[in-house]
Amino acid sequence: MSRIFNYKNFLRLNHVIMFVLVLLTLFPFLYMLAVSFSSSRAVMASEVFLLPKDFNLVAYSHVLKQDQFWIGYKNTVLYTALGTSISLTLTIMAAYPLSKKNLYGGPLVMKFMIFTMFFSGGLIPNFILIRDLGLYDTMWAMVLPGAMNAYNVMIMKTFFQGIPDDLKSAAKIDGLTDIGVLMRVVLPLSKPIIATIGLFMAVWLWNEWFMSLIYLKSDVKRPVAMYLRNIVLGAMNTIKSGQQMDQHSAKTVPATLQASTIMLTSIPILCVYPFVQKYFAKGILIGSVKG
Amino acid sequence: METVKLYSKKKRKVPFKQIKRDYRLYLLLILPVIYFAIFKYAPMYGITIAFKRFQPGGGMLSGEWVGLLYFKKLVQDPTFWNVFKNTFILSFSALVIGFPIPIIFALLLNEVRNNKQKRFIQTVTYLPRFLSTVVVVSMLFNLLSPSTGIVNEIIKFFGGEPIFFMNEASWFRTVYIASDIWQFMGWNAILYIAALAGVDPNLYEAARIDGANHWHQVVHVTIPGIMPTIVITLILAVGNTLNLGFEKVLLMYNPKIYETADILQTYIYRLGLASQIPRFSSATAAGLFQAVICLVLLWTTNQLARKNTDYSLW
């Protein structure tokens, strides 16, 4: 019994499990990649598995000719860049004062923010708020509602607290104000956490489609995720009338087109994360366990 | 005596001197606090819409009070109860199945000694987290398609009948949970992986000296070492359990599978935003229902955790 279940055999089994997991994780993605480069005929005949069949770029060139695709892409880049900057600025503005141990009222403000993690108004009041504020069908409806959350403030605050006090007080003795310390000492030392939170926000904004569904009316303001949704699930205007998109209309867009749109919209954001990856573990751990 | 009294009085006073000294910090805080007041707390006030006859064109403050009228309507609506049931079944199965898997994965990954392999596995398993819900769902439609999907090709290869997974009410939960695990397993494991790295190596040393084999070490050192992380994550997960991946359900479902796929949030969405006659008040009432249950769940789990373990959120 213990001969078979010894540690060495466990390690072997573990390697097999890991290998299968990696395969399972990558397969859908590689499959879509293969489909995007294949001919429609090969896809319909189920001849595509991991490698493209009848390699061609027809689907890509077709997508790249669509005006709506480019409009969406431009919007997505704009929303992502603008939203991430606003989000980082506001989060830093909140986290830095709150990281001061003796700020009068600081803990109260933190509680004020943390409460929102557990209770919220919900979909309808949020929608009415955006409308009442006059943000409906403007780009601000895409970047403002999600710009700040208590979780990010907490992670950022804990990171700031980890920066040695000696550095901060030394800078103060040299005549810097609190803001000066933030700009010239704290921020340069906080690149890992800024990169992590920046990436979280960027990924979220890049992929966001639901807010555009409810807050945006004009096609010219729609992000590319919405374009993708319409391609994939068909039926542009059925949502408005309360019906769900039916699967038959989805079939009108060939699988190769769907796959190439998926690739074109996903790859840019996938390219960023390996560079920021090394910061994740630290950032997340700080935020959620010691927060 | 008098000095003591003076001192205690002084302590209760607002320390103007300190506030004056830190005024720059307060200036920084103004904008974030306003942000939270407007974008987080104003919608909380908006919940009052659930108690008012709200005119779709009106502002958040408009409408006449009608008390619990919309809640009464809600509990009389059979659709609501079906939706309620679906939400609970889906969230609790997602929690029960989805919560332990990242922990097991992290423990197994921890046994991979080769650092390069470890990093590679991590990088790959994080990847799906960066895909948009739209992409994940369209991959599902593609892979599970009855005519060309690879999964059905495999079923056909083994002589089975193709299944239209996305159009079968009985398959919805399985597909939803499985794809969730695919998307978030690696990502959710990050926390545990980081916690595992923080377990004191001396403890392993001590355990080995006491004659513990590898399995004993896992049970008596590793798992207790990450227990705080597990408990905190569990509390948060339970508190969030009803806040399912609403967008994913919205993309996945269609009237044919409402029977199992329709959840509170999709119901709220249809009621309030997707219908020709928006029923804002009823939809808000349903939303409040859900928010209160979430809060109660969170509070209960936290109390339970505090009683039975040493760890809790507050």
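Lettering of chains follows the sequences in order, A, B, ..., and the numbering in each one begins at 1. Quick note: numbers below take in every heavy atom, side chains included, and nothing from hydrogens, waters or symmetry partners.
No part of L23(A) comes within reach of chain B, as not one of its non-hydrogen atoms sits under 4.5 angstrom from that chain. Within the 4.5 angstrom heavy-atom criterion, no atom of Y45(B) approaches chain A. Of the two parts of T116(A), the backbone and the side chain both hold a non-hydrogen atom closer than 4.5 Å to a non-hydrogen atom of chain B. Of the two parts of I214(A), only the side chain, counted from C-beta on, holds a non-hydrogen atom closer than 4.5 Å to a non-hydrogen atom of chain B. Proximity to chain B (any heavy atom under 4.5 Å) is restricted, for L11(A), to the side chain, taken from C-beta onward. The contact between I49(B) and chain A is made entirely by side chain atoms (from C-beta outward), counting heavy-atom distances below 4.5 Å. For V272(A), no part lies near chain B; criterion is any non-hydrogen pair under 4.5 Å. T133(B) touches chain A through its side chain: at least one heavy atom from C-beta onward sits under 4.5 Å away, while N, CA, C and O do not. At a 4.5 Å heavy-atom cutoff, the contact between V22(A) and chain B is made by backbone and side-chain atoms alike. Both the backbone and the side chain of F29(A) come within contact range of chain B, each with at least one heavy atom under 4.5 Å from a heavy atom of that chain. In this structure, the portion of D132(A) lying under 4.5 Å from any heavy atom of chain B is its side chain and not its backbone. Proximity to chain B is absent for every atom of I92(A), based on heavy atoms less than 4.5 angstrom apart. Residue contact with chain B, scored on non-hydrogen atoms closer than 4.5 Å, involves the backbone and the side chain of A147(A) alike. Within the 4.5 angstrom heavy-atom criterion, atoms from both the backbone and the side chain of L103(A) approach chain B. Only the side chain of L21(A) comes within less than 4.5 Å of a heavy atom in chain B; its backbone stays farther off. Looking at I193(B), neither its backbone nor its side chain comes within 4.5 Å of chain A, counting heavy atoms on both sides. Both the backbone and the side chain of M148(A) come within less than 4.5 Å of a heavy atom of chain B.
Ranked by heavy-atom pairs shorter than 4.5 Å toward chain B, the options N102(A), L24(A), L199(A) are led by N102(A). Contact tally against chain B (heavy-atom pairs below 4.5 Å) for G122(A), G146(A), P145(A), A255(A): the top residue is P145(A). In terms of non-hydrogen atom pairs under 4.5 Å with chain A, the most contact-rich of T284(B), L295(B), I268(B), L127(B) is L127(B). Among the candidates F112(A), F115(A), W206(A), the residue making the largest number of heavy-atom pairs closer than 4.5 Å to chain B is F112(A). When each of D178(A), V43(A), V48(A) is scored by its heavy-atom pairs under 4.5 Å with chain B, the top score falls to D178(A). Per-residue heavy-atom pair counts under 4.5 Å with chain B were compared for F127(A), Y273(A), F118(A), F49(A), and the maximum is reached by Y273(A). The candidate with the highest count of non-hydrogen atom pairs below 4.5 Å against chain B, out of M93(A), M226(A), E208(A), M117(A), is M93(A).
Within a 6.0 Å sphere centred on CH2 of W140(A), heavy atoms belonging to other residues, nucleotides or ligands number 12 at most. Shown here is R119(B), whose CZ atom has no more than 12 heavy atoms of other residues, nucleotides or ligands within 6.0 Å. For K111(A), the NZ atom is loosely surrounded, since the number of other residues' heavy atoms within 6.0 Å does not exceed 12. More than 12 heavy atoms of other residues, nucleotides or ligands sit less than 6.0 Å from atom CE of M44(B). Other residues, nucleotides and ligands place no more than 12 heavy atoms under 6.0 Å from the CD1 atom of I277(B).
In this structure the side chain of Y96(A) never reaches within 4.5 angstrom of the side chain of L29(B), judged on heavy atoms. By the 4.5 Å heavy-atom criterion applied to side chains, I130(A) and F39(B) are counted as neighbours. The side-chain heavy atoms of L109(B) and N14(A), taken from C-beta on, include no pair separated by under 4.5 Å. Taking the side chain as every heavy atom from C-beta outward, I179(A) and L27(B) never approach each other to under 4.5 Å. For the pair V109(A)/V33(B), a side-chain contact is recorded, criterion being any heavy-atom separation below 4.5 Å from C-beta on. By the 4.5 Å heavy-atom criterion applied to side chains, Q258(A) and N142(B) are counted as neighbours.
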*Verify side-chain contact (heavy atoms from CB on, under 4.5 Å) between T25(A) and Y126(B), making sure each step is shown before the conclusion.*
CA-CA 9 Å; T25(A) 312; Y126(B) 291 172; over 6 Å; no
*Show your reasoning for whether side-chain contact (heavy atoms from CB on, under 4.5 Å) applies to L108(B) and F10(A).*
CA-CA 10 Å; L108(B) 291 179; F10(A) 164 74; 3.8 Å; yes
*Check the pair H15(A) / Q117(B) against side-chain contact (heavy atoms from CB on, under 4.5 Å), numbers first and verdict last.*
CA-CA 10 Å; H15(A) 272 100; Q117(B) 285 176 12; 3.1 Å; yes
*May I have the step-by-step check of side-chain contact (heavy atoms from CB on, under 4.5 Å) for I38(B) and L144(A), ending in yes or no?*
CA-CA 11 Å; I38(B) 295 179; L144(A) 286 181; over 6 Å; no
*asked:* Show, in sequence, the C-alpha distance, side-chain angles and deciding distance for S46(A) and E153(B), and conclude whether the side-chain hydrogen bond (donor to acceptor under 3.5 Å, both in side chains) test is met.
replied: CA-CA 8 Å; S46(A) 314; E153(B) 288 302 314; 3.0 Å; yes
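The two residues M113(A) and P32(B) come nearest to each other via the heavy atoms CE-CB, 4.1 Å. S120(A) and A291(B) make their closest contact through O-CB, 4.3 Å (heavy atoms, listed as atom of the first residue, atom of the second, distance). The two residues V134(B) and A225(A) make their nearest non-hydrogen contact at CG2-O, 4.1 Å. S138(B) and I262(A) make their closest contact through OG-CD1, 3.1 Å (heavy atoms, listed as atom of the first residue, atom of the second, distance). Nearest approach of P28(A) to M139(B), heavy atoms of both residues: CB-SD, 3.9 Å. Contact record, I124(A) with G272(B): CD1-CA, 3.7 Å, taken as the closest heavy-atom pair.
Taking CG of L213(A) as the start and CD of E247(B) as the end, the distance is 9.0 Å to the nearest 0.5 Å.
Listed by chain and number, the residues in a side chain to side chain contact (heavy atoms under 4.5 Å, CB included) with S145(B) are S147(B), T148(B) (sequence neighbours excluded).
Ring centers of W299(B) and F119(A): at least 6.0 Å apart, outside the cut-off. Within the 6.0 Å centre-distance limit, the rings of F246(B) and F210(A) are counted as a close aromatic pair.
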